[in-house]
Amino acid sequence: MGKHLRLLSHKNRPKSPQKHSKPAPWVDVSDDERPRKIPRTGGLSVNGQGSRKVNGVSTNGHGGPSKASEHHSPGNFHNSSMNGRHSPSGDINGHRRKKARRGSLGATQENIDVQSGGKFSEIQEQRKLLPIAQGKDALLEEIRRNDVTILLGETGSGKTTQVPQYILEGGLADKGMIAVTQPRRVAATSLAARVSVERNTKLGHLVGYSVRFDEKNGSDTRIKYLTDGMIMRELMSDPLLSKYSVIIVDEAHERTLRTDLLISNLKSIQKTRNQPVDAKGKGPASHLNPLKIIVMSATLDAEKFSKFFAGAKVVYVKGRQHPVKIFHTAEGQNDYLEAAMRTFFQVHNDQGPGDVLIFLPGQEDIESLNKSIQLFANQLPQERMEVLTCPMYAAQAPGQNSKVFLAAPTNTRKCILATNIAETSLTIPGVKYVIDTGKCKEKQYLARDSGGGFDTLLTKDITKSSANQRAGRAGREGSGMCFRLYTEDAYNAMPPMAEPEIRRCSLTSSVLQLKCFGQDIQELEFMDGPDLDSVISALKTLYLLGALDKQKQLTSTGRDMASFPLEATYARVVLASREYGCTREILEIVSVLSASSKLFQDIAEQRDSAAEARRALRHPSGDHLTVLAAVRSYTALSSNPETATRSARRQWCDRHYLNERALLEARDIYTQLRQTCSRQGIDCNVSCGERDEPILKALAHGLVQNSALLQPDGASYKQTMGRSVVKIHPSSVLADKKVPAIIYNELVYTNQIYARGVSSISKSFFNTIPALNQRQA
DNA sequence: GAGCACTGC
């Protein structure tokens, strides 16, 4: 064990960059002495008039974002402004802010100051101190003069909370609302709450929000925070988004599928709405209220956004971030787990107090490193500071993740082992040291010409933007250090940004949604267009589902499908449930499948007892009916007075290793789906009682492409509509069973191609599915 | 025999 503490071989060690007497195996590429470059005019710089070059900053030597990043200048990391939002409240009353974070999962900004509120005048004073405040007038002038503005704001600049207010104060949105779009729900709701406090108004009046399942706005709402998925839905009923005068697309650098679709649509909407009125005052758009677009981003791709919007102005706002000293290894590391462990104990031995955050690609690595660190920490001399490890990943049992927000006991150093969840979604207080393995897992959709396709989930090297984001996590509360387990050359060779999501995921549902707006994904103008293979695959799937006809025209089935907030396959299942008289059961199942958290928890140490407890719910036909059994048992608790209490329900969930959060979310989705059904004239109370067959038949309709037949080897299955050979995922209740034919929710390639969410069906079911027979004929 | 992170009138 002792050998693990041995550092990299001595002769390879570079000279220590630090004043410590002990040499460290790190090359310091940060440059504390380099004067911090100050952009022009009060923290705000703008590219030259008419200049296409991004951000005069990079040419006039005033220090721009791309330049800063290449020099790894501390304090100039480009963190997602998700973090930046903490800044205003943090400045005002950091104490309460910390409290609000405790125990909250994901909702790190929830309830910040909302009830407590600072004094109004005090809040206004603090607003004036934000970095962006110095550039307010210049910024407003740019927005007034241009239809599109790209705003590059560093962490802590205050852009997301302030810019909408400036626009309101400056009277730039007198004819309509200001929309601020966010990729995440919690961000939208908590930002609205914060800004509402800053305006000294009640949430839902001047400032409101709109996210799935939750909405607070009224006729007097002028600033509305909403998720990008929500505004895409609004596009269905209001194709020109005419109620908004200004649309601010925040976190655009994340390049989510919905953000990209929105940006594409905004460009063409603006073209229509801002058309000049002709001489007779009868221009086609003369009655339309012109639209201003502001794209807010936190990274290096300003040029791309600017180019897409015909050379739009780029405005840069400095942020507030403590300096982070960055170290790279002198040599590449073969075993990043071992390197991470050595580095952790090196930090633990040599550095002062402060928690350590280690970025790892996935749960498996986290569990393994967690064990090693604990084992080794137990052998440390008594007088050493103790080590408390906190694993953190999304699939972890609820409650486990919140442990990370509690302060460590005295004389204890917290070591947080996290996936990318700690990169943008959660901010952990107390972190001073970051260890970055340089790895992450990324989903990538592989389209197949057969129409379907599958996701791969493989470990990859991260991007520059991600590396900077990770490093920035060490500088949230004070100066910090980041130890990268890769060389500086490796860093320099990293791609600047991740591939946008539009090139990485199935486009089936998006193609359908766009068809409903009368748009063709192949004709839209994108910053990065989708792969042709993915488009073809999506069109083929939609055709098989009956959503499109042979001419790729939307069918009435397709229009009905699009009205459901569901993946296209599940929407088809709901429609099919009418024919089989099992809408009630299907809605119950589909709501759980659509929930963001997994229903069945899997805790490594308790795997056997979990399997035992789950046996009670297990249905022989497979996972879909097992889900139904779980939902029904859970719902039945409420009708029994003895188990109707909140805590009884929770206990029941714990006993069965079920994630109650998934069930609660599923209930919201269920309610929403019932509403959609009644609008569509579907009777959602029709039930097939105890019969299983109708349910499986309805499922088979939507999952036509996701079907496979047992191979002669008796262990694997061959797709009916593709060439892949797949295995049933070990988490399935059918994992060790042999059945002649299966349908499944999805395929994921990790070590092999696994089918997840599997049910056994009779081969004869395929005969009832028109698309399948057509193809076989 | 195994699960990066988000999201939807």
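The chains referred to below are lettered A, B, ... by the order of the sequence lines, with proteins before strands, and numbering in each begins at 1. These numbers come from the heavy atoms of this one structure, side chains and all, not from hydrogens, waters or symmetry mates.
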### Query
Does Ser731(A) put a side-chain nitrogen or oxygen below 4.0 Å from OP1 or OP2 of dG3(B)?
no
### Query
From the list dC4(B), dC6(B), dC9(B), which nucleotide is the closest neighbour of the side chain of Ile421(A)?
dC6(B)
### Message
Using a 4.0 Å heavy-atom cut-off, does Leu257(A) contact any base of the nucleic acid, only the sugar-phosphate backbone, or nothing at all?
### Response
nothing
### Nearest-angstrom distance from the residue atom CD of Glu215(A) to P of dC9(B)
10 Å
### Task
Identify which nucleotide among dC4(B), dG3(B), dG8(B) has an atom closest to any side-chain atom of Lys443(A), counting heavy atoms from C-beta outward.
dC4(B)
### Query
Picking from dA2(B), dT7(B), dA5(B), which would you name as closest to the side chain of Pro730(A)?
dA2(B)
### Task
Choose from dG1(B), dA5(B), dG8(B) the nucleotide whose nearest atom is closest to any side-chain atom of Tyr754(A).
dG1(B)
### Task
Provide, to the nearest angstrom, the distance between the CG atom belonging to Asp238(A) and the P atom belonging to dC9(B).
16 Å
#### Entry: Nearest listed nucleotide, side chain of Gln672(A), among dA5(B), dG3(B), dC9(B)
dC9(B)
### Query
Over how many whole Å does the gap from Phe564(A) atom CZ to dG8(B) atom P extend?
18 Å
### Message
Just to be sure I understand the rule, does Ala394(A) reach a base, reach only the sugar-phosphate, or reach nothing, if contact means heavy atoms closer than 4.0 Å?
### Response
sugar-phosphate
### Message
For dG8(B) and Thr227(A) - does any side-chain N or O of the residue sit under 4.0 Å from the phosphate oxygens OP1/OP2?
### Response
yes
### Message
In this structure, how many angstroms lie between the P atom of dC4(B) and the CG atom of Asp461(A), rounded?
### Response
17 Å
### Query
Going from CG on Leu360(A) to CG on Leu417(A), what distance comes out if it is rounded to the nearest 0.5 angstrom?
6.0 Å
### Task
Please report, rounded to the nearest Å, how far the P atom of dA2(B) is from the CD1 atom of Ile753(A).
15 Å
### Message
Side chain of Arg185(A), heavy atoms from C-beta onward: which of dT7(B), dC9(B), dC4(B) has the nearest atom to it?
### Response
dT7(B)
### Message
Taking only side-chain N and O atoms of Arg258(A), does any of them lie within less than 4.0 angstrom of OP1 or OP2 on dC6(B)?
### Response
no
### Message
How long is the straight-line distance from OG1 of Thr456(A) back to CD1 of Ile753(A), given to the nearest 0.5 Å?
### Response
10.5 Å
#### Entry: Length of the line joining Lys216(A):NZ and dC9(B):P, which is rounded to integer Å
17 Å
### Message
Need to verify one output field. Residue with the more 5' nearest nucleotide on DNA chain B, Met236(A) or Thr750(A)?
### Response
Thr750(A)
### Task
Look at the side chain of Glu501(A) and decide which nucleotide, out of dA5(B), dG8(B), dA2(B), has an atom nearest to it.
dA5(B)
#### Entry: Separation of atom CZ in Arg504(A) from atom P in dT7(B), rounded to whole Å
15 Å
### Query
Parallel, tilted or perpendicular: which describes the rings of Phe454(A) and Tyr749(A), with under 30° parallel and over 60° perpendicular?
tilted
### Message
Without decimals, in angstroms, what is the distance between Glu367(A) CD and dG3(B) P?
### Response
11 Å
### Query
Below 4.0 angstrom, N of the basic side chain to O of the carboxylate: do Asp528(A) and Arg503(A) qualify?
no
## Note on the structure
Of the candidates dG8(B), dA5(B), dC4(B), the side chain of Arg233(A) sits closest to dG8(B)
### Summary
Which of dT7(B), dA2(B), dG3(B) is nearest the side chain of Gln363(A)? It is dG3(B)
### Query
Which part of the nucleic acid does Phe213(A) contact within heavy-atom distance under 4.0 Å: base, sugar-phosphate only, or nothing?
nothing
### Query
For Ala568(A) and Asn420(A), take the nucleotide of DNA chain B holding the closest heavy atom to each; which residue's nucleotide lies nearer the 5' end?
Asn420(A)
### Query
Relative to Phe600(A), does Arg614(A) satisfy both conditions: NZ or CZ under 6.0 angstrom from the six-membered ring centre, and within 45 degrees of the ring's axis?
no
#### Entry: NZ/NE/NH1/NH2 to OD/OE distance under 4.0 Å, Glu234(A) and Lys224(A)
yes
